[in-house]
There are 2 protein chains.
Amino acid sequence: MELAEGKLKFIEAWGKLGSEWGINRTMAQVHALLLVSADALTTEDIMSELNISRGNANMNLRDLIGWGLIEKQHKPGERKEYFFADKNTWNIARQVAKERKKRELDPIIKLLNELSEAKGDDKSRDFKTFKTTVKDINKLAKNVNKTLETMLKAEESWFWSSIFKIFK
Amino acid sequence: MELAEGKLKFIEAWGKLGSEWGINRTMAQVHALLLVSADALTTEDIMSELNISRGNANMNLRDLIGWGLIEKQHKPGERKEYFFADKNTWNIARQVAKERKKRELDPIIKLLNELSEAKGDDKSRDFKTFKTTVKDINKLAKNVNKTLETMLKAEESWFWSSIFKIFK
DNA sequence: CTAATCTTTCAAAAACTACTGAATAAACAA
DNA sequence: TTGTTTATTCAGTAGTTTTTGAAAGATTAG
């Protein structure tokens with residue numbers, strides 16, 4: 001396989017993976033393109049590599065900045081903006097975990113806490129099932145939360161060696 | 001908060017969470033409804049609780065069976081089918097992890113292995129970036145893979161107590 | 001066998017999400 | 001200031017995914 005073909009396959013796969021995890025396919029593709037580009041790219045570069053419009057490129061670039069996955073760069077003497085991706089895989093994983101935790105896990109934990117206060121007939125089978133389900137999911141969510149918090153603070157090598165120490 | 005209201009909120013939240021993670025909103029809602037129902041429900045029950053059509057209910061019920069999250073039940077003397085969800089949260093988490101690993105992680109690891117064979121000019125900066133990025137993502141993917149494999153085999157209590165022994 | 005009941009399928013419609021491209025805004029140079 | 005270049009916005013369009021509902025298919029009873 002040649003580099004050019006490999007890049008295309010990587011971009012396609014990253015886009016597909018993103019869309020399977022609720023992330024806009026094009027946004028994931030822009031990210032993939034920047035991940036395999038040694039130099040920072042302009043909006044025009046991205047538009048022509050991925051065959052997308054200016055508006056689409058701009059919107060996804062800004063979203064990627066919002067996720068903390070890419071940054072703008074200004075070259076001296078040039079007016080246009082260049083973009084480059086953080087290539088450190090552990091940083092990427094942490095950044096995604098951090099954003100999704102904030103956007104999704106934190107709100108659901110808040111709701112589960114409220115739901116566990118719900119009142120009802122203690123003899124009703126449905127009520128008991130509701131209570132138990134909410135309680136159990138809450139417990140799981142809090143465990144995931146604690147693990148993520150550790151991961152967000154950790155160094156990659158420490159994190160994995162710790163994991164595998166217990167799984168040996 | 002009353003039980004009825006709590007159920008509705010739970011169903012809504014579970015549906016939203018699902019859709020944020022690439023799972024059909026209605027499928028997640030059907031799952032949520034079964035999770036908070038003590039007794040098995042018929043297709044009709046689900047149609048009327050969630051205000052969805054027969055076709056939609058049927059399709060999502062079958063998908064949930066495919067994910068291993070719910071099961072059919074037959075009541076003696078009755079012709080219609082009843083559905084109930086496994087309420088064990090750890091089983092749910094494992095089942096989802098297992099399916100997504102099979103559908104998404106395994107294929108991407110296969111591709112990454114192929115991509116790391118790609119040939120190119122060893123002096124090209126783009127080629128070096130490509131190689132490094134692919135190699136690093138591959139390493140991360142394999143670590144996640146190993147961790148998931150351990151999780152799939154593990155008992156809940158063992159898994160979390162092991163995690164927290166290290167991450168305390 | 002036929003009738004009754006329940007399940008599954010799938011083409012068409014509806015709903016939703018993403019994309020385009022032209023207009024507008026902003027930044028800078030002269 | 002005006003002209004030039006680049007960035008942003010957003011209404012309309014295109015594309016995708018989900019849902020409906022009626023028809024076809026199963027299954028069981030008599």
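The chains referred to below are lettered A, B, ... by the order of the sequence lines, with proteins before strands, and numbering in each begins at 1.
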Any base atoms under 4.0 Å from A:Asp63, or only sugar-phosphate, or nothing? Heavy atoms, all strands.
nothing
Flag the pair B:Phe84 / B:Glu71 as yes when at least one side-chain heavy-atom distance between them is below 4.5 Å, and no otherwise.
yes
How long is the line joining CE of B:Met27 and P of D:dT17, in whole Å?
16 Å
Looking only at side-chain N and O atoms, does B:Asn60 come under 4.0 Å of OP1 or OP2 in D:dT18?
no
Integer-rounded Å distance: D:dT8 C1' and A:Leu64 CG:
16 Å
Contact under 4.0 Å: A:Arg62 side-chain N or O vs D:dT9 OP1/OP2
yes
Within the 4.0 Å heavy-atom criterion, would you say B:Arg54 contacts the bases, only the backbone, or no part of the nucleic acid?
base
Sorted by position of nearest nucleotide on DNA chain C, 5' first, the leading residue of B:Phe83 and A:Ala57 is B:Phe83
A:Trp21 and B:Trp21 aromatic ring geometry - parallel, tilted or perpendicular at 30°/60° bounds:
perpendicular
Whole angstrom is fine here: how far is it from CG in A:Asn58 over to C1' in D:dT9?
9 Å
Can you tell me how far C1' of D:dG21 sits from CD1 of B:Ile52, to the nearest Å?
13 Å
Rounded off to whole Å, could you give me the NZ-to-P distance for the A:Lys16 and D:dT17 pair?
12 Å
Within the structure shown, what part of the strands sits under 4.0 Å from B:Thr26 by heavy-atom distance: base, sugar-phosphate, or nothing?
sugar-phosphate
Nearest whole Å is fine: how far is D:dT16 C1' from B:Asn24 CG?
13 Å
A:Asp45 atom CG is separated from D:dA7 atom P, nearest whole Å, by 11 Å
Want to settle it: does B:Glu78 or A:Arg79 sit nearer the 5' end of DNA chain C, counting the closest nucleotide to each?
B:Glu78
The residue, A:Glu44 or A:Arg25, whose nearest nucleotide of DNA chain D is more 5′ is A:Glu44
Reading DNA chain C in the 5' to 3' direction, which nucleotide is the first one with an atom under 4.0 Å from a heavy atom of chain B, and which is the last?
C:dA4 to C:dC10
